[in-house]
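Remember, it's a predicted structure, so these values are computed and weren't measured experimentally. Position 1 is the first residue of the sequence, and the numbers go up from there.
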Amino acid sequence: MDLRLRLGENLARERRIVDRLLGTEAALAEMKRSDLELRARLDRYSRFHRDLERSFVWRAIQFLRRLVGRAW
């Protein structure tokens with residue numbers, strides 16, 4: 001009887017540990033996925049900003065702002 005109880009408790013404990021590990025792995029996979037998504041988004045924004053600053057229209061507007069002053 002005592003041996004059956006110990007075996008049942010050990011099996012229940014192992015199931016809880018396995019469930020936690022699987023939950024942790026799923027959360028880690030989700031974090032990796034969101035990290036890659038955020039890095040891609042940041043890369044797109046930085047490319048847009050770089051292209052904007054290099055554009056002729058942006059530089060012309062900034063030149064005019066310097067001539068007129070920052071407060072339009």
*Heavy-atom side-chain contact between Asp35 and Met31 under 4.5 Å*: no

_If the threshold is 4.0 Å, N to carboxylate O, is there a salt bridge linking Glu37 and Arg33?_
no

*In Å, rounded to the nearest 0.5 Å, how long is the span from CZ of Arg6 to CD of Glu9?*
9.0 Å

*With a 4.0 Å cut-off, would you call Asp19 and Arg15 a salt bridge?*
no

*Flag the pair Leu42 / Leu38 as yes when at least one side-chain heavy-atom distance between them is below 4.5 Å, and no otherwise.*
no

*asked:* side chain to side chain contact (heavy atoms under 4.5 Å, CB included), that's the test. Do Asp43 and Arg39 meet it? Break it down for me.
replied: CA-CA 6 Å; Asp43 186 48; Arg39 287 177 190 267; over 6 Å; no

*To the nearest 0.5 Å, how far apart are OH in Tyr45 and CZ in Arg50?*
15.5 Å

*Do Arg59 and Phe63 touch side chain to side chain, with heavy atoms closer than 4.5 Å?*
no

*Nearest 0.5 Å please: distance from the CD1 atom of Ile17 over to the CG atom of Leu22.*
12.0 Å

_Tell me whether Leu36 at atom CG has more than 12 heavy atoms from other residues, nucleotides or ligands lying less than 6.0 Å away._
yes

*asked:* Between Arg47 and Asp51, does any side-chain N to carboxylate O distance fall below 4.0 Å?
replied: no

*Calculate, to the nearest 0.5 Å, the distance between atoms CG and CZ belonging to Leu11 and Arg16 respectively.*
11.0 Å

